[in-house]
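Below is one structure, written out as structure tokens, with a few remarks after it.
Atoms within each ligand, like the ligands themselves, are counted from 1 in listed order. Quick note: numbers below take in every heavy atom, side chains included, and nothing from hydrogens, waters or symmetry partners. Given the structure is predicted, the values throughout are model-derived calculations rather than measurements.
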Amino acid sequence: MQHLSSRIASREAKVGVIGLGYVGVAVAAELAAAGFRVVGVDVKADRVACINAGHCPIEGDEPELPELLRRVVTEKRLVATTDYAPLAEADIVLIGVETPVDADRRARFVALQSACRDLAKVMKEGVLVIVESTVSPGTCETLVAPLLERESGKKLDRGFHLGHCPERVMSGKLLANLRTLARVCGASTPEAAALMIEFYRSITHGKLEASDWVTAELVKTAENTLRDVNIAFANELGLVCEAVGADFSRVRALVNELPGRNMLVAGAGVGGHCIPKDPWLLVQGLSDVQPRVLQAARAVNDAMPLHVARLVEDALGEAGLPLAGARLVILGGAYLANSSDTQNSPSTTLASYLRERGAKIALHDPWLPEHATDLWETTRGADAAVVMVAHDAYRGLDLARLKTTLAHPVLIDGRRVVDADEAEQTGFVFRAVGRGKRRR
Ligand code: SAJ
């Protein structure tokens, strides 16, 4: 351990990063920039080639990352490969592969198991392995440690050390988050946790806290489940507001005046890489606990795109238009405002639901090159427009112009980016998530 500690301090420690997605690429580049020699390993040869050519394989706008990657590759501080052999020299190996859940909400750790198996065959004596992927509580204990022991013939805490430092990066802010957010360094021994803290101190000034494995596994899955439940509460209150003739935005603003309240925003659904799956990772394999709150929250959030579809059908009905055959424009295909990431996008759910009911759908999104068309051309002659993503481009829309461009003045706002009073005064048949019909 002492030897590794001094190699970290001198930056002589060789680092491996398995999985070159949005987590692995950012941390590999940052560690290389901090002075370590880094070998990145990924199964995708095209992604490896892209990185070795000095190009960033991550979609969308990631401030500083392309330039940083180009620099560390040019300086030969970061090399990418599909081959695990170079990891034999690594003193520290991070694992940042995908840990999805499948249709029946069971964790799929195939990539994690494969990475552990291939690493175990080459890893050297005393290596510190750190899992950064989000995993279910108990995974280090029951899956990763035994697999590494079995496949390497080395013993935990003697032949190798194992830590879990869950990633906390977000699309569009990869490097900023990596450098500033607090991290939990879970390990099987306090010494290994201390070593992790020394290591991560080289790339972040965020708070670094030692814990055991299962605490670190719980922190990550719990923080995202908490967000999902908070969003679900906002969504459910939005439905109540619609039912009783109130406006969610106003209610939320007044509730949040009270210290200690931080109600999130009712909207058209929850997409992304993390929030929809992490609640299921949190409760994976539990037998004597029946999780009800997080299951209900998932159901509420997954139903929001369908609620928007109901608002569309209701608004078209008021305008005397059937849903079948209606020409609709969905504004926003990404899952998140001002992002080009479409992972689990609620817009995709809405579009297929409406198409199944005979509507003709056009998609506009300034962040998606294939849909970054002229807004006025795309909405010309359509029967209705549906805002599904709170892109800045949709805030302060010229409603008077939209009214003349559309064939019928029907507007549905799934993200509360349109001024509702202005829309109604402009003459739109207008619906919004959380906005009830005022009774007087
Ligand atoms: N959403 C709502 N209402 C809200 C907030 C979000 O409907 O009040 C929707 C968004 O439109 C999106 C989805 O939920 O479809 C997820 O949005 P998000 O803001 O949670 O963004 P993510 O998916 O990038 O979540 C990440 C998470 N970070 C990590 O996993 C490391 C999450 O823990 C962060 O809290 C979140 O970023 C963040 O705060 O930006």
Q.
For T139 and E217: C-alpha separation, side-chain torsions, deciding distance, then whether side chain to side chain donor-acceptor pair (under 3.5 Å) applies.
A. CA-CA 8 Å; T139 303; E217 292 163 336; 4.6 Å; no
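- Considering only non-hydrogen protein atoms, atom 21 (O) of ligand 1 sits nearest to L336 CD1, 3.8 Å.
- Below 4.0 Å from some heavy atom of V169 lie the following atoms of ligand 1, by number and element: 29 (C), 31 (C).
- Sparse packing is recorded around CZ of R106, with 12 or fewer heavy atoms of other residues, nucleotides or ligands lying under 6.0 Å away.
- The shortest N/O to N/O separation between Y335 and ligand 1 falls below 3.5 Å.
- For the pair G269 and ligand 1, a heavy-atom separation below 4.0 Å is found.
- Scanning the protein heavy atoms around atom 26 (C) of ligand 1, the nearest turns out to be M170 CG, 3.8 Å.
- With respect to the salt-bridge test (charged N to carboxylate O, under 4.0 angstrom), the residues E242 and R435 do not qualify.
- With respect to K173 and D61, no salt bridge is recorded, no charged nitrogen being found less than 4.0 Å from a carboxylate O.
- In this structure, R250 fails the cation-pi test against F248, since its NZ or CZ atom is not both closer than 6.0 Å to the six-membered ring centre and inside 45 degrees of the ring normal.
- One finds a salt bridge joining K220 and E167 here, because a Lys/Arg side-chain nitrogen approaches an Asp/Glu carboxylate oxygen to under 4.0 Å.
- Here the shortest heavy-atom distance to atom 25 (O) of ligand 1, taken over N262, N344, I275, V433, belongs to I275.
- At least one side-chain heavy atom of I8 sits less than 4.5 Å from a side-chain heavy atom of L195.
- Residue E223 has no nitrogen or oxygen atom sitting less than 3.5 Å from a nitrogen or oxygen atom of ligand 1, judged on distance alone.
- Within 6.0 Å of atom CD in E236, 12 or fewer heavy atoms from other residues, nucleotides or ligands are found, so the atom counts as exposed in its surroundings.
- Set against the non-hydrogen atoms of C274, the atoms of ligand 1 under 4.0 Å away are 30 (O).
- Close contacts between ligand 1 and K173 involve ligand atoms 40 (O) [criterion: under 4.0 Å to a heavy atom].
- Closest protein heavy atom to atom 1 (N) of ligand 1: I231 CD1, 3.7 Å.
- The N/O atoms of V265, backbone and side chain alike, include one that comes under 3.5 Å of an N/O atom in ligand 1.
- The protein heavy atom nearest to atom 16 (C) of ligand 1 is G271 O, 3.6 Å.
- Of the protein's heavy atoms, R227 NH2, 2.8 Å lies nearest to atom 19 (O) of ligand 1.
- Within 6.0 Å of the CD atom in E422, the count of heavy atoms belonging to other residues, nucleotides or ligands exceeds 12.
- The shortest contact between atom 29 (C) of ligand 1 and any protein heavy atom is with K220 NZ, 3.4 Å.
- Contact between R415 and ligand 1 is present, with at least one heavy atom of the residue lying under 4.0 Å from the ligand.
- Close approach of ligand 1 to R168 is summarised as follows: ligand atoms under 4.0 Å from at least one heavy atom of the residue are 31 (C).
- Under a 4.0 Å heavy-atom criterion, H273 is not in contact with ligand 1.
- Within the 4.5 Å cutoff, no side-chain heavy atoms of D341 are placed close to those of E59.
- Distances below 4.0 Å separate heavy atoms of L264 from the following atoms of ligand 1: 8 (O).
- Here H364 and Y394 bring their ring centres to under 6.0 angstrom of each other.
- When only non-hydrogen protein atoms are considered, atom 32 (C) of ligand 1 lies nearest to N224 OD1, 3.3 Å.
- Salt bridge annotation for R431-E318: present, with a cationic side-chain nitrogen under 4.0 angstrom from a carboxylate oxygen.
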